[in-house]
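Below, chains carry the letters A, B, ... as their sequence lines are ordered, and counting in each starts from 1. Just the heavy atoms: all of them, side chains too, but no hydrogens, waters or symmetry mates, feed the values below.
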Protein chains: 2
Amino acid sequence: MDAWARLLRGHASATRELSAQLVTEHGLTINDYEALLYLSRAEEGRMRRVDLAEQLLLTASGVTRLLDGLERAGLVERASCASDRRVTYAVLTAAGRTKLQEASESHLAGVRALFEERFTSEEIVQLASLLERLPEAAGATAADCSP
Amino acid sequence: MDAWARLLRGHASATRELSAQLVTEHGLTINDYEALLYLSRAEEGRMRRVDLAEQLLLTASGVTRLLDGLERAGLVERASCASDRRVTYAVLTAAGRTKLQEASESHLAGVRALFEERFTSEEIVQLASLLERLPEAAGATAADCSP
DNA sequence: ACGCTATAATTGACTCCGCAACCAACTATA
DNA sequence: TATAGTTGGTTGCGGAGTCAATTATAGCGT
């Protein structure tokens, strides 16, 4: 029954470790990194802020502030949507794409160092299949503003 | 390879959900709760702040601020150590113990709702045994100030 | 054409927490 | 005993993120 506490903490510390690495080496938080990552995979490198929030498990205001930083750093810029003037896209810039590539090398190395040293590949599969049952935003990526 | 991101996020959202429940129902954050829990298990209901920090994966300053709040709420109080005048104990008060008991009922119910609905007991054991390999403070509880 | 409600985004005030700098007290060494 | 280094604890500052309130736009139903 107490296993949950340890589970939660082990996880928290792993996340912090990965995040700290990303911050010191590239000046990105783990959410910065993942924002860039989601954008890089999205159609035309752009997403509505609302959709990005859902993916990152942040509130709308959290995303506003996150993107503030990425915009100031020139990694992301704004674009508006012709068919719905409420929406503002976050668009990955060329600089953002470059930054993401740089960061992902060391980040993936960090992930491996943390996880793949401790688990076999079978265990990794097992873990992922278990943990993906936890509450999570469903992965519906609405790429365009007019559905 | 992307499974890690989902793993991390699924976990983060579970933690938030549990924490939010605790906050709205009892006015405790998850760290408040666990601080009370650790204290309740410690010898004489007291711990050095440093040791508490280690258990909670917080920095020394984090614990100072955490305990500020718990002291203001009357759930914890300070005591000094005769043999080492640098150390201040955090001591669980009677009110703190009561609060913990109240909170743990609904918290444990929340944990069950989140996890035990999704996993069989075998899977839970499996998960716990896998996740406890993640980096974590070793559980040495130095109860006294003079070792 | 008109309100009514829902949705996208932003802002201000707040909480939590880490970092760095600091003080005070303990320990070890000269 | 003076001096140096370490450890326990607190404080100021700043980052990250939430909530509640606000603004602007969309899309009904009548």
Side-chain angles (χ1 to χ4, degrees), chain A residues 9 12-13 15-24 27-35 46-73 76-91 142 144-147, chain B residues 9 12-13 15-17 19-24 27-35 46-73 76 78-91 142 144-147:
Chain A
R9 302 211 156 269
S13 98
T15 305
R16 268 216 284 277
E17 207 164 309
L18 289 175
S19 196
Q21 202 180 39
L22 225 30
V23 168
T24 63
L28 298 175
T29 66
I30 214 167
N31 276 337
D32 289 337
Y33 175 82
E34 300 230 332
R46 75 215 213 304
M47 278 202 216
R48 304 192 315 164
R49 296 159 109 77
V50 139
D51 297 325
L52 201 48
E54 190 182 341
Q55 294 298 316
L56 296 173
L57 302 181
L58 289 181
T59 60
S61 60
V63 160
T64 293
R65 289 172 158 83
L66 181 76
L67 291 177
D68 280 353
L70 295 178
E71 279 169 42
R72 241 181 284 115
V76 155
E77 55 191 20
R78 306 173 158 253
S80 46
C81 171
S83 62
D84 186 340
R85 273 179 304 184
R86 289 170 305 180
V87 340
T88 313
Y89 284 114
V91 191
D144 201 13
C145 61
S146 44
Chain B
R9 298 206 162 275
S13 96
T15 306
R16 267 217 284 277
E17 205 164 311
S19 196
Q21 200 180 41
L22 225 32
V23 169
T24 63
L28 298 175
T29 66
I30 214 167
N31 275 338
D32 289 336
Y33 176 81
E34 299 229 333
R46 75 213 212 308
M47 279 202 215
R48 303 191 318 163
R49 296 160 106 79
V50 142
D51 297 324
L52 200 48
E54 191 181 340
Q55 294 297 317
L56 296 173
L57 303 182
L58 288 182
T59 60
S61 64
V63 160
T64 293
R65 293 175 220 286
L66 181 76
L67 291 177
D68 280 352
L70 295 177
E71 278 169 43
R72 241 180 285 115
V76 155
R78 304 170 160 257
S80 46
C81 171
S83 62
D84 186 339
R85 273 179 304 181
R86 290 170 305 179
V87 340
T88 314
Y89 284 114
V91 190
D144 201 13
C145 61
S146 44

- Note on the structure: When A:T59 and B:V50 are each assigned the nearest nucleotide of DNA chain D, the 5'-most assignment goes to B:V50

- Query: Nearest nucleotide by nearest heavy atom, which residue falls closer to the 5' end of DNA chain D, B:R49 or A:G62?
  - Reply: B:R49

To the nearest Å, give me how far apart [atom1] ([X]) and [atom2] ([N]) are.
X	N	atom1	atom2	value
B:L58	C:dT15	CG	P	18 Å
B:N31	C:dT15	CG	P	16 Å
B:L56	C:dC17	CG	C1'	13 Å

Flag the pair [X] / [Y] as yes when at least one side-chain heavy-atom distance between them is below 4.5 Å, and no otherwise.
X	Y	answer
B:Y89	B:S80	no
A:I30	A:L18	yes
B:L56	B:L66	yes

- Message: Quiz question: going by heavy-atom distance under 3.5 Å, is there a donor-acceptor pair between the base of C:dC19 and the side chain of B:S61?
- Response: yes

- Of all of residues 63-73 of chain B, which get a heavy atom below 4.0 angstrom from DNA chain D, listed by number? B:T64, B:R65

- Short side-chain N/O contact from A:R78 to OP1 or OP2 of C:dT10, under 4.0 Å: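 Looking at the OP1 and OP2 atoms of C:dT10, one of them is under 4.0 Å from a side-chain N or O of A:R78.
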
Listed partners of [X] passing side chain to side chain contact (heavy atoms under 4.5 Å, CB included), at least two apart:
X	value
A:E77	A:V91, A:T93
A:S61	A:T59, A:R65
A:A60	none
A:T88	A:R49, A:R78

- Message: Would you compute the distance between atom CG of A:L70 and atom CG of A:D32 and round it to the nearest 0.5 angstrom?
- Response: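 Rounded to the nearest 0.5 Å, the CG-CG separation comes to 4.5 Å.
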
- Message: Please report the interatomic distance CD(B:E34) to CG(B:L58), rounded to the nearest 0.5 Å.
- Response: 10.0 Å

- Item | Set of residues satisfying side chain to side chain donor-acceptor pair (under 3.5 Å) with respect to B:S19, sequence neighbours excluded | none

- Task: Could you list the residues that satisfy side chain to side chain donor-acceptor pair (under 3.5 Å) with A:R86, not counting sequence neighbours?
- Result: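 Per chain and number, A:R86 pairs via side chain to side chain donor-acceptor pair (under 3.5 Å) with A:D84.
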
- Item | Contact interval (first through last nucleotide) of DNA chain D with protein chain A, 4.0 Å heavy-atom |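 Listing 5' to 3', DNA chain D meets chain A from D:dA16 to D:dA26.
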
Are there any protein N/O atoms within less than 3.5 Å of an N/O atom in nucleotides 22-26 of chain C, and if so, which ones and at what distance?
from	atom 1	to	atom 2	distance (Å)
C:dC26	OP1	B:R85	N	2.7

